[in-house]
Chemist: 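Please find one structure pasted underneath; my questions will follow.
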Amino acid sequence: MSVLGKLAATAVIAGTAGWIGLTAGEKGITVASLRIMAEVQLAELVGNDAAAMPGPDDAQAASAGPIIYWRHPDGLPEWRASEAKTIDGRAFLPVRSSEDLSLNPSPDPAAELAPVAETERSILYYRNPMGLPDTSPVPKKDSMGMDYIAVYEGGDSDDGSVTVSPGKLQRTGVRTSEAVLAPLAASLRAPGIVMLDERKISVISLRADAFIETVADVTTGSTIAKGAPLVTLYSPEIAAALAQFVSDVRSEGRQREGARQRLKNLGVPGEVIDRIAAEGLASVSIPIMAPRGGVVLERMAVEGMMSEAGETLFRIADTSTVWVIAEVPESALMDIATGSEVRVSFQGLAGAPMTGKIDTIYPELDMMTRTGKLRIELPNPDGRLRPNMFADVEIMLDQTPVVQVPEGAVIDSGDRQVVILDLGEGRFRPEPVTVGRRGGGRIEIVSGVAAGDIVVSSATFLIDAESNLNAALAALAAPEANP
């Protein structure tokens with residue numbers, strides 16, 4: 001054929017292809033038949049034997065098999081389970097089983113048109129193609145004309161295990177993860193409150209009736225040093241004891257040490273007793289000094305008042321260290337031990353959290369809140385931590401290695417917890433488990449899964465639903481089922 005003839009043949013082929021494309025949607029011509037018709041036209045134009053090319057009957061044979069759905073004639077992403085028409089009245093095109101595209105293409109293109117070889121496995125029953133709980137011992141169709149799906153021996157078992165094809169695994173986005181034995185990065189957050197260290201609070205009171213003569217210039221909230229004067233007082237009982245002590249000192253009598261001890265018992269400071277012994281003179285007014293440095297929490301002393309024995313004059317607290325008392329739920333107490341590391345942050349203070357350790361776990365629970373108390377001791381050299389401040393306590397739980405999986409691998413329905421085990425070769429089985437602590441996006445598995453097992457970490461609900469469906473269908477499958 002000349003060059004001019006070849007150009008003319010090409011133009012005719014292009015026109016034929018255009019005409020076929022315009023009429024294909026209206027006449028229900030599939031992609032396979034369209035290709036065959038184009039080959040016949042090309043064979044006639046170039047002079048080949050048309051009888052040797054596949055004809056319309058061959059195209060019909062290539063489109064064998066039952067209709068599995070109908071597609072939009074324009075190729076739009078619209079499908080129907082039964083016959084339907086577009087808005088402009090055109091019929092949807094039928095798609096047969098031999099024409100359906102697969103996500104697992106065969107390496108041999110000719111295999112797509114080859115008949116499917118019969119399996120050697122025996123058929124147990126046929127199940128509804130729409131997933132309804134309806135089975136049949138013989139082939140049948142549903143109300144829409146769809147064939148029931150055969151369930152083969154060994155395909156699905158009564159334990160709920162399922163077999164999923166690689167293509168379906170890819171479409172559903174199934175991902176797996178290995179159960180590992182490692183410490184769980186779990187922590188517990190609990191509310192707390194700042195309290196004073198009970199061991200560093202002092203109460204200043206008298207051991208004998210006395211009159212307050214003067215009070216130092218200190219008020220509630222004042223910071224004082226150890227040994228600073230607080231009040232001077234006059235007490236008849238103390239004055240009599242001082243006179244006896246001075247007399248014994250001057251005479252160097254045997255009662256000297258007894259008189260000294262009597263003054264100490266009445267609360268006279270030791271430095272005052274030493275000064276009187278050195279001077280040999282009794283003092284009428286006795287000063288009382290602060291036994292420790294700190295903050296004045298309470299001042300009850302007033303000049304001129306008469307104070308009875310045991311009455312509180314001052315309360316002083318050393319705030320260089322404070323306690324944080326945290327309350328944790330009863331269920332979490334077993335996971336907490338003395339010495340566990342904690343991080344404490346305060347709403348009223350900016351900056352990084354303070355670190356500490358649990359000093360004491362209180363031995364009783366609150367009957368109303370069902371919580372236990374923990375005590376954490378924190379340094380407070382600058383006095384920024386004040387009593388009754390709120391704190392947020394993060395407790396690092398036990399770091400013993402445990403079997404753990406991603407949280408997304410556990411299906412929790414409220415009354416049961418299940419993971420999907422990957423058995424290999426596309427087989428999966430639901431496995432009931434007992435879960436423990438959670439933390440860092442992972443969850444502890446107490447029983448049901450061992451370290452090294454492969455579990456499904458995504459699309460778990462899809463596999464679990466199919467497993468439950470197969471188990472239900474297997475239970476319903478019986479020889480007396482209606483055909």
Chemist: Report yes if some heavy atom in the side chain of D392 is under 4.5 Å from a heavy atom in the side chain of S345; otherwise report no.
Modeler: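 In contact.
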
Chemist: Rounded to the nearest 0.5 Å, what separation is found between the OG1 atom of T220 and the CD atom of E298?
Modeler: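 One gets 7.0 Å once the value is rounded to the nearest 0.5 Å.
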
Chemist: On a heavy-atom basis, which atom in V203 and which in R315 lie closest, and how many Å separate them?
Modeler: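 Looking at all heavy atoms of both residues, the closest pair is CG2-CG, 4.0 Å.
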
Chemist: What is the distance from atom NZ of K373 to atom OG1 of T360, rounded to the nearest 0.5 Å?
Modeler: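 Answer rounded to 0.5 Å: 13.0 Å.
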
Chemist: Without swapping roles, check the side chain of Q404 against the backbone of P183 for a donor-acceptor pair under 3.5 Å.
Modeler: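 Yes; at least one donor-acceptor contact below 3.5 Å.
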
Chemist: Could you tell me whether the side chain of R207 and the main chain of N265 form a donor-acceptor pair under 3.5 Å?
Modeler: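 Yes, R207 side chain to N265 backbone: donor-acceptor pair under 3.5 Å.
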
Chemist: Apply side-chain contact (heavy atoms from CB on, under 4.5 Å) to I238 and L233, showing your working.
Modeler: CA-CA 10 Å; I238 296 177; L233 54 87; 4.3 Å; yes

Chemist: Any sub-3.5 Å donor-acceptor pair from E311's side-chain atoms to E308's backbone N or O?
Modeler: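 Flag set: sc E311 to bb E308 pair under 3.5 Å.
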
Chemist: Return the CD to CG distance between E431 and L423, rounded to the nearest 0.5 Å.
Modeler: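 Separation between the atoms: 9.5 Å.
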
Chemist: Under the 3.5 angstrom rule, does the side chain of D142 hit a backbone N or O of M146 as a donor-acceptor pair?
Modeler: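 Confirmed, D142 side chain pairs with M146 backbone.
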
Chemist: Within the structure provided, determine whether I395 and L374 are in side-chain contact (heavy-atom separation under 4.5 Å).
Modeler: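 In contact.
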
Chemist: If you define the side chain from C-beta out and look only at heavy atoms, does anything of I286 sit under 4.5 Å from Y234?
Modeler: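 Counting from C-beta outward, I286 and Y234 never come under 4.5 Å.
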
Chemist: With salt bridge (charged side-chain N to carboxylate O under 4.0 Å, His left out) as the criterion, how do D197 and R375 come out once you've worked through the C-alpha distance, each side chain's angles and the decisive distance to 0.1 Å?
Modeler: CA-CA 10 Å; D197 189 340; R375 189 173 74 204; over 6 Å; no

Chemist: Please name the pair of heavy atoms, one in A337 and one in I361, separated by the smallest distance, quoted to 0.1 Å.
Modeler: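 Closest heavy-atom pair between A337 and I361: C-CD1, 4.0 Å.
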
Chemist: The criterion is ring-ring contact (aromatic ring centres under 6.0 Å, His included); which residues satisfy it with Y126, sequence neighbours excluded?
Modeler: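 Once residues adjacent in sequence are excluded, Y126 has no partner under the ring-ring contact (aromatic ring centres under 6.0 Å, His included) criterion.
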
Chemist: Is any side-chain heavy atom of E407 closer than 4.5 Å to a side-chain heavy atom of R438?
Modeler: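 Yes; the side chains approach each other to less than 4.5 Å.
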
Chemist: V455 and D422: side-chain contact (heavy atoms from CB on, under 4.5 Å), yes or no, with the steps?
Modeler: CA-CA 5 Å; V455 300; D422 185 354; over 6 Å; no

Chemist: CD of E394 to OG of S187: how many Å apart, nearest 0.5 Å?
Modeler: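 The distance works out to 4.0 Å.
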
Chemist: Test side-chain contact (heavy atoms from CB on, under 4.5 Å) on I212 and V302 and set out the steps.
Modeler: CA-CA 7 Å; I212 306 300; V302 179; over 6 Å; no

Chemist: Restricting to non-hydrogen atoms, name the atom on D359 and the atom on T338 that form the minimum distance, rounded to 0.1 Å.
Modeler: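 So the two residues come closest at O-CG2, 3.5 Å.
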
Chemist: Identify the two heavy atoms, one from L378 and one from G356, that lie closest to each other, and give their separation to 0.1 Å.
Modeler: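 Looking at all heavy atoms of both residues, the closest pair is CD2-CA, 4.3 Å.
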
Chemist: Of all residues at least two apart in sequence or in a different chain, which pass the side-chain contact (heavy atoms from CB on, under 4.5 Å) check with V246?
Modeler: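 Only R250, I276, A282 meet the side-chain contact (heavy atoms from CB on, under 4.5 Å) criterion with V246.
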
Chemist: Please walk me through it: do S447 and T434 pass side chain to side chain donor-acceptor pair (under 3.5 Å)?
Modeler: CA-CA 5 Å; S447 63; T434 303; 3.1 Å; yes

Chemist: Any donor and acceptor pair, going by atom type alone, linking the side chain of R437 with main-chain N or O of L184 inside 3.5 Å?
Modeler: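 It does not hold such a pair.
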
Chemist: Check whether any side-chain heavy atom of T355 sits under 4.5 Å from a side-chain heavy atom of V342, and report yes or no.
Modeler: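 Side-chain contact under 4.5 Å: no.
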
Chemist: Just wondering, do M389 and I193 contact through their side chains at under 4.5 Å, heavy atoms?
Modeler: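 Side-chain contact under 4.5 Å: no.
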
Chemist: Counting distance only, does the side-chain N/O of N380 pair as donor-acceptor with the main-chain N or O of L385 below 3.5 Å?
Modeler: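 Judged by distance alone, yes, a pair lies under 3.5 Å.
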
Chemist: Take R292 and S202 through the side chain to side chain donor-acceptor pair (under 3.5 Å) test and state the conclusion after the steps.
Modeler: CA-CA 7 Å; R292 68 168 68 247; S202 297; 2.6 Å; yes

Chemist: Counting only N and O atoms by type, is there a donor-acceptor contact under 3.5 Å from the side chain of S235 to the main-chain atoms of D209?
Modeler: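 Judged by distance alone, yes, a pair lies under 3.5 Å.
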
Chemist: With a 6.0 Å cut-off (strictly less than), is the heavy-atom count around CE of M305, excluding the residue itself, greater than 12?
Modeler: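 Buried by this count: over 12 neighbours within 6.0 Å.
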
Chemist: Identify whether the distance between the nearest side-chain nitrogen and carboxylate oxygen of E341 and K357 falls below 4.0 Å.
Modeler: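 Between K357 and E341 there is no salt bridge, as every charged N stays at least 4.0 Å from the carboxylate O atoms.
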
Chemist: A side-chain contact here means heavy atoms from C-beta on lying under 4.5 Å apart; do I201 and L196 qualify?
Modeler: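 They are in contact (side-chain heavy atoms under 4.5 Å apart), so the answer is yes.
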
Chemist: Start with the C-alpha distance between T371 and L365, add both sets of side-chain angles, then the distance that settles side-chain contact (heavy atoms from CB on, under 4.5 Å), and finish with yes or no.
Modeler: CA-CA 5 Å; T371 57; L365 298 179; over 6 Å; no

Chemist: For the OH atom on Y362, are there more than 12 heavy atoms of other groups (residues, nucleotides or ligands in this structure) within a distance under 6.0 Å?
Modeler: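 Yes, enclosed.
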
Chemist: Is it the case that atom CE in M306 sees more than 12 heavy atoms from other parts of the structure closer than 6.0 Å?
Modeler: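 Check passes, neighbour count above 12.
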
Chemist: Hey, are E377 and R199 close enough for a salt bridge, meaning a charged N less than 4.0 Å from a carboxylate O?
Modeler: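 So E377 pairs with R199 through a salt bridge.
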
Chemist: Can you confirm whether F346 sits close enough to R384 that some side-chain heavy atom of one is under 4.5 Å from a side-chain heavy atom of the other?
Modeler: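 The answer is no; the side chains never approach within 4.5 Å.
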
Chemist: Show the nearest heavy-atom pair for residues T319 and V322, with the distance to one decimal.
Modeler: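 Result for this residue pair: O-CG1, 4.2 Å.
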
Chemist: Could you walk me through whether T232 and S285 pass the side chain to side chain donor-acceptor pair (under 3.5 Å) check?
Modeler: CA-CA 6 Å; T232 57; S285 299; 5.5 Å; no

Chemist: Picking from T214, V215, I316, what satisfies side-chain contact (heavy atoms from CB on, under 4.5 Å) with L230?
Modeler: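 So, applying the side-chain contact (heavy atoms from CB on, under 4.5 Å) to L230 and each of T214, V215, I316, only I316 qualifies.
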
Chemist: Would the number of heavy atoms belonging to other residues, nucleotides or ligands and lying under 6.0 Å from NZ of K200 be above 12?
Modeler: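 Count over threshold, so yes.
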
Chemist: Heavy-atom count check: over 12 atoms from other residues, nucleotides or ligands less than 6.0 Å from F211 CZ?
Modeler: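 At most 12 heavy atoms, drawn from other residues, nucleotides or ligands, come within 6.0 Å of this atom.
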
Chemist: Taking all heavy atoms of L263 and all of A241, pick out the closest pair and write down the distance.
Modeler: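 Closest heavy-atom pair between L263 and A241: CD2-CB, 3.5 Å.
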
Chemist: Identify whether the distance between the nearest side-chain nitrogen and carboxylate oxygen of K226 and D318 falls below 4.0 Å.
Modeler: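 A salt bridge is absent here (no side-chain N lies under 4.0 Å from a carboxylate O).
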
Chemist: How long is the gap from CG on L313 to CE on M300, to the nearest 0.5 Å?
Modeler: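 So the gap between those two atoms works out to 9.0 Å.
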
Chemist: Ring-plane angle category for F92 and H72, please: parallel below 30°, perpendicular beyond 60°, tilted otherwise.
Modeler: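 F92 vs H72 ring planes: perpendicular.
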
Chemist: Answer yes or no: does atom CZ of R386 have more than 12 heavy-atom neighbours from other residues, nucleotides or ligands under 6.0 Å?
Modeler: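 Open.
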
Chemist: Starting at CG of L266, measure out to CG of L242 and round the result to the nearest 0.5 Å.
Modeler: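 Reported to 0.5 Å precision, the distance equals 8.5 Å.
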
